[in-house]
Enquirer: 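Structure incoming, see below.
What you see is a predicted model, and the numbers here were worked out from it, not measured in a lab. One is the number of the first residue; the rest follow in order along the sequence. Any value given below was found using the heavy atoms of this structure, including those in side chains, with hydrogens, waters and symmetry copies removed.
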Amino acid sequence: MGTLVDWGVFSRTRTELGAGFVRILGYFREDGTKAIGAIEDAIRARNATAIVIPAHTLKGESLQFGAQPLAELAEHIEKVARRCVEARNEPDELLPDVVRLRPLFEQTMAQIDREASPLMQRRNAAGFGRRTPTTFGQG
């Protein structure tokens with residue numbers, strides 16, 4: 001498998017985010033999973049309108065972490081969905097692209113996890129990221 005991440009962009013993002021990097025990376029994973037689920041639900045419902053925003057969100061967040069192939073696929077899905085909305089067509093032509101989306105996301109996250117794992121291990125060993133009622137209120 002080729003590289004799915006531009007490590008220069010990834011490194012700049014890691015530097016810019018500093019101590020918040022692991023937390024923001026976690027948001028990327030959660031948001032990406034939710035966006036892909038929403039896109040899959042929308043393609044099943046043949047609802048182009050419901051594809052646009054999650055595809056746009058996935059594109060932007062992918063670019064932030066240097067996940068260029070994922071961002072390009074999300075952008076393609078977004079553009080075709082917008083075209084379908086404008087033409088009042090169902091997004092059936094996107095089905096093969098949507099089918100490729102989740103595996104690409106999972107492969108991308110696996111590469112990112114391999115790169116970020118020393119950070120995550122140090123963070124967990126230091127006790128950061130643990131939510132306790134005394135630290136974060138009720139939950």
Enquirer: Working note: R83 + E93, criterion side chain to side chain contact (heavy atoms under 4.5 Å, CB included); need CA distance, chi angles, decisive distance, verdict.
Expert: CA-CA 11 Å; R83 191 181 70 231; E93 66 186 278; 2.6 Å; yes
Enquirer: How long is the straight-line distance from CG of L104 back to CD of E72, given to the nearest 0.5 Å?
Expert: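 Those atoms lie 10.0 Å apart.
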Enquirer: According to the salt bridge (Lys or Arg N to Asp or Glu O under 4.0 Å) rule, which pairs have a member within residues 51-70, sequence neighbours left out?
Expert: K59-E78
Enquirer: So, do I51 and P91 sit near enough that their side-chain heavy atoms are less than 4.5 Å apart?
Expert: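 Yes, close enough: below the 4.5 Å cut-off.
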Enquirer: Quick one: list whatever passes salt bridge (Lys or Arg N to Asp or Glu O under 4.0 Å) with E106, sequence neighbours left out.
Expert: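 Checked E106 against salt bridge (Lys or Arg N to Asp or Glu O under 4.0 Å); zero matches.
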Enquirer: Could you state the interatomic distance from CD1 (I77) to SG (C84), rounded to the nearest 0.5 Å?
Expert: 11.5 Å
Enquirer: Find out if a path of hydrophobic residues (ILVMFWY) with successive side-chain heavy-atom gaps under 4.5 Å connects L63 to V5.
Expert: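 Result: no, two separate clusters.
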Enquirer: Which heavy atom of I24 sits nearest a heavy atom of F65, and at what distance?
Expert: CG2-CZ, 3.9 Å
Enquirer: Between atom CG of L4 and atom CD of Q111, what is the distance when rounded to the nearest 0.5 Å?
Expert: 4.0 Å
Enquirer: Given 3.5 Å as the limit, does a donor-acceptor pair link the side chain of S62 with the main chain of L58, or not?
Expert: yes
Enquirer: In the single-linkage hydrophobic clustering (I, L, V, M, F, W, Y; side-chain heavy atoms under 4.5 Å), do Y27 and L25 co-cluster?
Expert: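 Yes; tracing contacts between hydrophobic side chains, which count when under 4.5 Å, links both residues.
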Enquirer: Roughly how far apart are K79 NZ and L94 CG, rounded to 0.5 Å?
Expert: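 It comes to 13.0 Å.
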Enquirer: Taking the inter-plane angle between the rings of F21 and F10 on a 0 to 90° scale, is it parallel (under 30°), tilted (30 to 60°) or perpendicular (over 60°)?
Expert: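 It falls in the perpendicular class, over 60°.
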Enquirer: Would a single hydrophobic cluster contain both V52 and L70, if residues Ile, Leu, Val, Met, Phe, Trp and Tyr are joined by side-chain heavy-atom contacts under 4.5 Å?
Expert: no
Enquirer: If you group Ile, Leu, Val, Met, Phe, Trp and Tyr by side-chain heavy-atom gaps below 4.5 Å, do M109 and V22 land in one group?
Expert: yes
Enquirer: Considering residues, nucleotides and ligands other than I53, do more than 12 of their heavy atoms fall under 6.0 Å from its CD1?
Expert: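 Not more than 12 within 6.0 Å, no.
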Enquirer: For E16, which residues count as a side-chain hydrogen bond (donor to acceptor under 3.5 Å, both in side chains) partner, sequence neighbours excluded?
Expert: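 With neighbours one apart ignored, the set is empty.
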Enquirer: D92: what forms a side-chain hydrogen bond (donor to acceptor under 3.5 Å, both in side chains) with it, not counting sequence neighbours?
Expert: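 In terms of side-chain hydrogen bond (donor to acceptor under 3.5 Å, both in side chains), with neighbours along the sequence ignored, D92 is linked to R46.
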Enquirer: Side chain to side chain contact (heavy atoms under 4.5 Å, CB included) for R12 and Q64? Distances and angles first, verdict last.
Expert: CA-CA 9 Å; R12 280 190 299 278; Q64 179 183 12; over 6 Å; no
Enquirer: Of all residues at least two apart in sequence or in a different chain, which pass the side-chain hydrogen bond (donor to acceptor under 3.5 Å, both in side chains) check with R44?
Expert: D41
Enquirer: Quick one: CD1 on I112 to CH2 on W7, what's the gap to the nearest 0.5 Å?
Expert: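 Result: 6.0 Å between the selected atoms.
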Enquirer: When rounded to the nearest 0.5 angstrom, what distance separates CD1 in I36 from CG in L101?
Expert: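 I36 atom CD1 to L101 atom CG measures 4.5 Å (nearest 0.5 Å).
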Enquirer: Tell me, which pairs form a side-chain hydrogen bond (donor to acceptor under 3.5 Å, both in side chains) where one or both residues lie in residues 31-40, sequence neighbours left out?
Expert: E40-R102
